[in-house]
Number of protein chains: 2
Amino acid sequence: MVRIKDIAKEANVSEGTVDRVLHNRGGVSKKTEAKVKKILESTNFSINPIASALAMKNKHHIAVLMPEYADADAFWKAPHLGVLKASEELKNIGINIVNFKFDQYDKQSYIESFQRSLKSKPSAVIFVPMFIEETKQMVEQMENETIDYLFLNVDVDGFRNKAFVGQNSYTAGYIAGKLMYLCAPKSLAFLTIQSRDSVRGNNAISNRITGFCNYFNSNNIKVELLNLKIEDLVATTKMQQTIQSFLTEHAGVGGVFVPSSRISTIVNSLNEQVVSSLQWVGFDNTPQNMECLKNGSVSFLISQKPFDQGYESVRIMVDFLLKNKMPESKIYLPIDILTKENVMYNDINQKLFEKEFEK
Amino acid sequence: MVRIKDIAKEANVSEGTVDRVLHNRGGVSKKTEAKVKKILESTNFSINPIASALAMKNKHHIAVLMPEYADADAFWKAPHLGVLKASEELKNIGINIVNFKFDQYDKQSYIESFQRSLKSKPSAVIFVPMFIEETKQMVEQMENETIDYLFLNVDVDGFRNKAFVGQNSYTAGYIAGKLMYLCAPKSLAFLTIQSRDSVRGNNAISNRITGFCNYFNSNNIKVELLNLKIEDLVATTKMQQTIQSFLTEHAGVGGVFVPSSRISTIVNSLNEQVVSSLQWVGFDNTPQNMECLKNGSVSFLISQKPFDQGYESVRIMVDFLLKNKMPESKIYLPIDILTKENVMYNDINQKLFEKEFEK
DNA sequence: TTAGTTTTCGTGTTCGCACACGCAAATATA
DNA sequence: TATATTTGCGTGTGCGAACACGAAAACTAA
């Protein structure tokens with residue numbers, strides 16, 4: 001374990017000098033700075049975060065902005081837990097994570113929650129860039145105050161975010177296509193169900209659909225790819241009727257693809273016979289969706305590892321703040337294929353953490 | 001933030017005394033101990049783990065015993081890297097991981113490497129219990145010296161290991177069966193190829209085979225399940241011929257299941273036509289196997305997340321040593337389904353770590 | 001050359017805790 | 001009562017890094 005003291009001795013300078021070059025504090029001649037830097041490189045030195053934290057006394061605040069979650073739509077609970085886990089691990093090294101939530105359908109609450117987060121004077125912000133126009137304003141503010149920021153889950157280009165942590169939606173959709181075709185190879189048609197606002201809003205969903213369709217196109221598979229847009233993917237009789245009648249009209253449909261996290265809402269509100277006569281492929285390991293996998297109504301789920309998204313984004317940001325290292329600008333987490341059989345082993349990290357944290 | 005110093009002042013004793021009651025070091029009168037304890041309770045004091053770690057400086061050695069790896073059989077490289085990552089993270093809180101390797105086919109080297117590991121006076125040992133009889137002796141020795149131990153990757157019952165970290169082999173095999181049937185539903189037969197010594201030795205492989213077969217049995221799928229035992233799964237013309245002639249004799253075979261990590265060895269040594277006329281399902285994300293996925297010769301791989309096995313086992317053991325907490329006795333990691341399309345996003349943790357660590 | 005500046009760097013203290021050392025009071029032994 | 005032994009507890013140092021303070025060295029200007 002190399003210490004500052006060791007570097008200092010090696011370079012024939014004092015610890016204070018090494019400290020100065022380490023933190024770009026200035027006041028060091030070019031010559032000695034070069035000398036110290038060379039030794040720092042060659043010894044592969046990195047500061048001991050423990051000792052550093054002790055001496056600094058909680059210097060870094062990181063603000064995390066994510067949509068709030070409800071029981072009915074628990075998707076965002078997992079990233080929250082992942083952030084919490086990272087935060088538990090890191091409070092030991094003087095990193096303080098502050099959470100802010102917003103309503104994912106309300107631009108105003110998005111902005112407000114951001115403004116509140118800035119009041120905590122964060123050194124960095126991790127957030128889900130839900131609304132593009134509003135994000136532009138926020139980013140401008142942060143760049144003025146030289147606050148680093150990282151995009152979580154939703155990828156938007158054209159910003160100087162340190163990185164994006166999430167999934168490659170296109171490929172995930174492509175794999176959904178493959179899985180769909182595997183379960184129902186003889187189908188004449190596949191149906192994609194999305195909510196109306198997902199057409200413009202969250203472009204992850206559009207990318208998944210593009211990927212899904214491209215699986216069939218690029219493999220020259222002749223099937224009809226149908227698309228049904230529902231006003232709102234909530235369990236209402238209206239939704240149920242719309243889907244039901246669509247399916248009777250299009251008898252050739254062998255499987256349904258739901259590119260959002262709402263597959264359980266749909267499956268649970270439909271007639272059991274209808275459900276079991278089709279193959280269902282959807283996204284995200286929410287409790288409700290996993291239940292559908294287990295009881296056999298859904299064939300495959302693709303998980304974007306939301307817990308890990310939360311956890312990793314914090315770890316990656318901290319690594320950047322502490323060591324000024326960023327692995328890549330796009331950090332794509334695995335595309336997890338879940339089935340009835342392996343779903344119980346999915347996300348054990350989250351389960352272990354929840355269990356531990358309850359106490 | 002309450003400090004030991006604060007407690008001491010409050011109780012009218014010195015910091016040393018508080019320290020003694022905190023660590024049950026003895027040498028404190030009942031009266032003062034009670035007084036201090038009361039204040040500890042009421043202030044909800046907990047020691048600052050940063051400062052504690054700094055002051056303790058290398059109190060725990062953990063020995064890790066794993067098979068060595070070669071380019072041709074790189075499976076064990078990933079757990080090594082996972083251990084290394086954990087070890088990097090933990091070295092600055094005074095945890096020292098020492099690695100020992102052995103030849104997985106040589107009992108003698110297994111024992112020897114264990115004996116060497118004991119010389120480092122570890123507080124705990126994480127190891128792969130390759131040979132049962134030898135493991136019994138080792139365990140006895142550790143229990144005499146009250147060293148905690150944890151099984152990695154290979155699960156053996158009847159020991160007082162703190163936990164097992166690995167995969168549920170039976171279920172993994174069952175899923176392999178499902179995937180096989182999905183890709184080749186019209187097959188009359190499926191073939192399982194294993195090496196002769198895997199019949200007795202590594203029971204993970206037997207469990208995978210049982211799971212594989214049970215998928216067809218419990219779903220009443222009528223196929224013939226064939227089994228071919230090869231002396232040694234190394235790329236030789238003898239192996240190639242044995243398999244080739246077996247396949248010509250059994251023309252109904254629609255897919256081949258390789259329950260070990262050697263699927264690439266087989267696929268690469270066979271005639272290309274033969275390979276592409278069959279569906280191949282295998283285990284483990286070794287570089288060679290992943291290459292076969294990418295070039296299309298293999299349809300599915302199941303990964304047991306070897307990197308995570310190494311990483312998590314260390315983290316879990318450290319949590320136990322530091323906080324005396326063990327989540328469960330069997331810690332089953334996810335059963336990862338890999339395809340051509342998602343394999344590149346597999347194990348990004350390992351990739352990021354390798355990239356970082358090269359420098 | 002000398003006084004005044006500025007640049008460059010060494011020293012010392014602090015963070016909260018762990019643990020060794022050793023002194024004093026309490027108790028035991030003669 | 002004097003001496004030996006045990007028990008209870010205070011003090012001091014170190015862990016590795018951050019940062020303030022001020023001294024020495026290098027320059028500048030007179």
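Considering only side-chain atoms of B:V28, the nucleotide from D:dA17, C:dC9, D:dC9 that sits closest is D:dC9.
The distance between atom NE2 of A:H60 and atom P of D:dA18, rounded to the nearest whole Å, is 11 Å. Whole-Å rounding puts the A:E33 CD to C:dT7 P distance at 15 Å. The distance between atom NZ of B:K31 and atom C1' of D:dC9, rounded to the nearest whole Å, is 13 Å. The NZ atom of A:K9 sits 20 Å away from the P atom of C:dC9 (whole-angstrom rounding). Distance, B:L40 CG to C:dC17 P: 11 Å, rounded to whole Å. At whole-Å resolution of the value, CG in B:N96 and C1' in D:dC15 are 16 Å apart. Rounded to an integer number of Å, the gap from A:I50 CD1 to D:dA17 C1' is 12 Å. Between B:K91 atom NZ and D:dG16 atom C1' the separation is 14 Å, expressed in whole Å.
Using a 4.0 Å heavy-atom cutoff across all strands shown, B:L54 reaches at least one base atom of the nucleic acid. A:I47 comes within 4.0 angstrom of sugar-phosphate atoms only, judged by non-hydrogen atoms across all strands, and of no base.
The backbone N or O of B:Q141 sits nowhere less than 3.5 Å from a side-chain atom of B:N144 that would complete a donor-acceptor pair. With B:S313 contributing its side chain and B:Q309 its backbone, the two residues share a donor-acceptor pair below 3.5 Å.
Under the 4.0 Å criterion applied to side-chain N and carboxylate O atoms, B:E328 and A:K355 are assigned as salt-bridge partners.
Taking only side-chain nitrogens and oxygens, B:T32 never comes nearer than 4.0 Å to OP1 or OP2 of D:dG8. Between C:dC19 and B:R25, a contact under 4.0 Å exists linking OP1 or OP2 to a side-chain N or O. Taking side-chain N and O atoms only, A:S52 has no distance below 4.0 Å to OP1 or OP2 of D:dG16.
Partners of B:F320 by ring pair (Phe, Tyr, Trp, His ring centres under 6.0 Å), not counting sequence neighbours: none found.
A heavy atom closer than 4.0 Å to some atom of DNA chain D occurs in A:D19, A:R20, A:H23, these being the qualifying members of residues 10-23 of chain A.
Looking only at atom types and distance, the side chain of A:N153 has a donor-acceptor partner in the side chain of A:Q304 under 3.5 Å away. Side-chain contact annotation: B:D347 with B:N285, donor-acceptor N/O pair under 3.5 Å present. There is no side-chain donor-acceptor pair under 3.5 Å between B:Y311 and B:Q350.
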